[in-house]
Amino acid sequence: MPSLSDPVRIGLPSLFDPVRLGALSLPNRIVMAPLTRSRAGHAGVQGPLNATYYAQRAGAGLIIAEATQISRQGQGYAFTPGIHDENQVAGWHTVTEAVHRARGRIVLQLWHVGRISHPSLQPEGALPVGPSAIKPEGQAFTETGFQPFVIPRALETAEIAGIVEDYRQAAHRAQQAGFDGVEIHGANGYLIDQFLRDGTNQRTDAYGGSIENRIRFLLEVTRAVTEVWGGDRVGLRLSPVSPANDMRDSNPQALFDHAVAGLAPFGLAYLHVVEGATGGSRDAQGFDFAALRRSFRGPYLANNGYDQALAEAAIREGRADAVAFGRPFIANPDLVERFRTGAPLAEPDKTTFYGGDARGYTDYPALAQSAAA
Ligand code: 8OZ
């Protein structure tokens, strides 16, 4: 008798089956989640070290490269990469070439941090911007260490179109850099999320107030980015209930169901959902992620605290089309192979998550290498 733990024999989908996310054809359903590692070189330019890191992880069904600022204003952490000038395009090109040479696929996550920044990271020491002048709790990671967040400057209505254009330009540059697509970062309390949720958006213009108004910025960004790439090479990441970066909303189900339903005309490659508190509890807090998926109607990429068993179950039971793993990819460059063979996983060193050099970045061996060592 075939058993439920033997999905191949009874024909149920498995993590190791190929899947299509829009125009992206993945050989397996194990996706590398975007991970900020703060190892860009001078002026946000990636280079050979980053190329090695990503190429080591090319066994992933898809790599979502780390959050990358679309403009100088969009930067909020020290040493993160950008995609707003020619040097950054050239730097990322070395990364995409290395990943493609290793037979992988890689999309770039487009990022504007909004209020999650600090004047020391902004052009001319300006204030960070947001939908409203509401200071987040917490501290910014600057080049000189952690510094308290400041009260952001509320964007003028007339400035918003310029930021949408920055997304368009960044999308175009990602194409020049050789990516296979892009992911719009609409999660974790950054600018798009700040417009979406009413804890950070108290505007009284066409971008605030009603749900319809709060999703306007997301829709405009999505239109611009899909005009460059076509919808089927653009994903979107959301985190409907995550409190990360001091976020809250009075009715997330209504807000996010509306947002993704409104995206239907763009035919996006996938919706990437942080199910719970980013990097923390998977408690859904009453949110119905299956309902969100039904509203979206396209491929669903699940994320947050999945291990292999949880992911297998989600795929087998049809709750997700693919699963994104973050921290497991840090210490296990060959994560797909380890899952396939049931090999033990290495534990990452938290002290080298952000910033620094090759240590804790490119020196985690693959199984074959550790066996040979
Ligand atoms: C951890 C540290 C810095 C940035 C996110 C881009 O939360 C991030 C991030 C995570 O999406």
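One-based numbering, in listed order, for ligands and for the atoms of each.
Side-chain polar atoms of Arg203 and Asn213 form no donor-acceptor pair below 3.5 angstrom.
Heavy atoms of Tyr190 come nearer than 4.0 angstrom to ligand 1 in at least one pair. Within the structure, ligand 1 has Trp111 among the residues with a heavy atom less than 4.0 angstrom away. Within the structure, ligand 1 lacks Gln109 among the residues with a heavy atom less than 4.0 angstrom away.
Interface of His185 with ligand 1, defined as ligand atoms under 4.0 Å from a residue heavy atom, comprises 5 (C), 6 (C), 11 (O). Those atoms of ligand 1 that come under 4.0 Å of a heavy atom in Tyr77, given as number and element, are 3 (C), 4 (C). Ligand 1 places these atoms under 4.0 Å from at least one heavy atom of Ala67: 6 (C).
Minimum heavy-atom separation, Arg233 to Leu24: NH1-CD2, 3.7 Å.
Checked options Asn245, Thr200, Ile116; the residue passing with Pro136 is Ile116 (criterion: side chain to side chain contact (heavy atoms under 4.5 Å, CB included)).
A salt bridge does not link Glu66 with Arg37: every distance from a Lys NZ or Arg NE/NH1/NH2 to an Asp or Glu carboxylate oxygen is 4.0 Å or more. Under the 4.0 Å criterion applied to side-chain N and carboxylate O atoms, Asp232 and Arg20 are not assigned as salt-bridge partners.
In terms of N/O distances under 3.5 Å, ligand 1 is approached by Asn188.
Within a 6.0 Å radius of CD1 in Ile151, other residues, nucleotides and ligands contribute 12 heavy atoms or fewer.
For atom 1 (C) of ligand 1, the closest non-hydrogen atom of the protein is Tyr354 OH, 3.3 Å. Of the protein's heavy atoms, Thr36 OG1, 3.3 Å lies nearest to atom 4 (C) of ligand 1.
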**OP:** Could you walk me through whether Arg223 and Glu220 pass salt bridge (charged side-chain N to carboxylate O under 4.0 Å, His left out), step by step?
**Re:** CA-CA 5 Å; Arg223 176 171 301 113; Glu220 289 181 357; 5.9 Å; no

